[in-house]
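The structure appears below as structure tokens.
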Amino acid sequence: MTDDPATIKAQALADYGAYSNPMKLRTLRHAGLEIIEGRREGALTWDVTGKEYIDCITSAGSMNVGRRNPEVIAALKDALDRYDIGVFLLGSGPKAALARKLAEITPGNLKLTMFGVGGGEANDFAIKLARGSTLRTEIVTTVNCYHGHTGLALSGIGRDAYRRPFDPLVPGFKLVPFNDLAAAAAAIGESTAAIMVEPIQGEGGIHVGTDDYLRGLRRLCDERGALLIFDEVQTGWCRTGRMFASEYSGVVPDIMTLAKSMGGGIYPISATVFTEELGEFLITNPFIHLSTFGGSDLGCIVALKAIEIMERERLWEAALARGAQFRAGFDQLLVRHGEILKEHRGRGLMMGLQFTSSSHGPRMAQQLAHNGVMAMYTGNEPSVMRLMPSLVISKAQVETVLQALDRSMQTIKEQDAGTAVVVDAAPAATRRRRPERV
Amino acid sequence: MATQQEITAALADFRDRCNENARLRKMQRDWTKVLHLIAEDNDSRHTMTVVGGETRKVEEGLVGTPDIIVTTGSETLCDMFWGDLNPAQKYLSGELKLKASQEDVMRLDAINLIIWPD
């Protein structure tokens with residue numbers, strides 16, 4: 001065993017490549033994210049070698065209360081003295097308390113909760129519930145949407161490349177363009193069980209669903225007997241400046257799915273929250289969805305603590321204030337780097353920078369990492385850099401991110417103009433050579 | 001500056017190495033693409049046709065409708081297909097431009113990984 005950080009890192013990377021996912025590691029390396037995390041705290045994370053980064057990935061918004069929030073950790077440690085995951089068939093105090101809390105804080109008449117482990121599972125159950133409740137089969141989703149990689153959710157995903165290797169998937173899914181009410185109107189018919197949307201598309205490139213669009217979907221669903229599902233897995237938990245992003249529109253869905261920051265960045269847990277009316281389906285099918293680890297006692301305790309912190313600290317206000325600071329900086333970046341930066345989008349601290357080329361996503365990720373900011377382009381749209389820092393990010397840290405963005409864009413422009421000094425990686429020993437160079 | 005003939009030779013070598021690599025052929029068996037390769041510093045133009053993971057044709061000139069367009073300097077093209085340099089470095093420095101879907105960019109890098117491991 002060694003305590004040399006560089007050796008520890010090299011070994012971890014080698015093992016990850018050898019025993020987990022070599023191509024993922026390679027992609028991360030290209031993006032400058034060949035990082036093995038060590039210490040993590042608040043808005044920051046450190047590579048084991050000591051390099052500090054402001055974390056603007058946060059596992060797509062899973063650390064809203066900050067990384068390793070000490071209160072969440074204390075709650076978990078305390079819970080470990082008395083609890084384990086619990087028996088999934090049974091009710092429990094933590095499960096009941098969290099379900100009650102979710103009924104209190106989610107909008108309108110959302111009341112009942114089915115727990116799960118991750119966002120994909122929450123969306124899977126939402127689809128099950130929609131089909132089971134309406135006795136209709138069709139699920140409408142939107143182009144470039146992302147609802148997870150599990151079976152039903154994958155069938156509705158808006159990116160062909162995720163689905164194609166597994167065809168045929170579950171039938172009955174229909175894709176329509178996002179923010180296009182006319183397309184939704186044409187798609188929602190007598191056989192439509194539900195339309196499922198993210199109030200802000202995350203993986204799709206940080207596209208904000210307009211209030212009119214979400215209200216229009218509600219009206220269409222009411223007129224045609226379909227259900228409205230809001231996937232708030234990324235947008236929830238104060239991220240956008242409200243507890244839930246759909247609050248901007250005032251629209252109450254029939255089903256809302258929640259995950260990510262619900263677990264305080266510490267423990268996996270998700271929830272599908274739905275109306276009492278839809279709960280009728282569970283009267284006749286109480287064991288229709290079982291999840292061994294879903295809604296574990298430990299997870300529920302962690303979630304309750306995370307929610308307590310969000311409410312007490314009014315983290316939606318922090319998201320709005322720091323988001324406004326970012327946007328003012330983005331406006332200046334647009335002036336300075338309009339050749340490559342097209343626009344910025346988002347709400348609160350769910351932010352996307354639209355660049356002019358799909359190569360800019362990986363290149364920006366690489367440059368930002370070099371400048372001490374961990375960020376990644378969106379999965380379904382690589383020309384968009386997604387910035388989703390912890391909501392506890394400070395004013396000074398926002399300024400640091402903006403400066404890093406400025407430097408990174410400047411470097412890319414200099415590279416494109418051929419004025420940057422580029423240092424190529426040395427060719428690997430196994431590479432071939434042009435005959436005259438052998 | 002590399003000549004058209006030099007790039008053709010590099011591509012022929014690359015084609016053979018890809019086709020001889022059973023692991024790569026199996027991995028790419030669902031990949032059928034037309035690639036246009038454009039040298040921006042001379043008139044060199046090539047088309048590579050991949051069918052079911054097999055590189056069927058490498059020909060001079062631009063033929064057919066491309067799924068992927070690679071544009072860079074002739075030296076880079078030549079070095080890349082001989083394996084003298086890692087194209088990812090050139091892509092990330094903006095010297096190599098790709099018009100392709102994200103999935104196809106990933107596939108190209110996968111070929112690179114298999115043919116010329118890190």
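Lettering of chains follows the sequences in order, A, B, ..., and the numbering in each one begins at 1. Values below: every heavy atom of this structure, side chains too, minus hydrogens, waters and symmetry copies. Because the structure is a prediction, the values reported are computed rather than measured.
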Under 4.5 Å from any heavy atom of chain B - which part of A:R164: neither
Under 4.5 Å from a heavy atom of chain B, the part of A:T27 involved: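 Answer is side chain: those atoms of A:T27 sit under 4.5 Å from chain B.
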salt_bridge(B:R25, B:E20) N-O dist < 4.0 Å: no
Carboxylate-amine/guanidinium contact A:K413 A:E339, below 4.0 Å: yes
Contact class of B:A110 relative to chain A, heavy atoms under 4.5 angstrom: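 Both parts, backbone and side chain.
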Atom group of B:D30 that falls short of 4.5 Å from chain A, counting heavy atoms: neither
Side-chain touch B:H36/B:T65, heavy atoms, less than 4.5 angstrom: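 Not in contact.
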Face-on cation placement of A:R159 at A:Y162 ring, 6.0 Å and 45° thresholds: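 Cation-pi check for A:R159 and A:Y162: passes.
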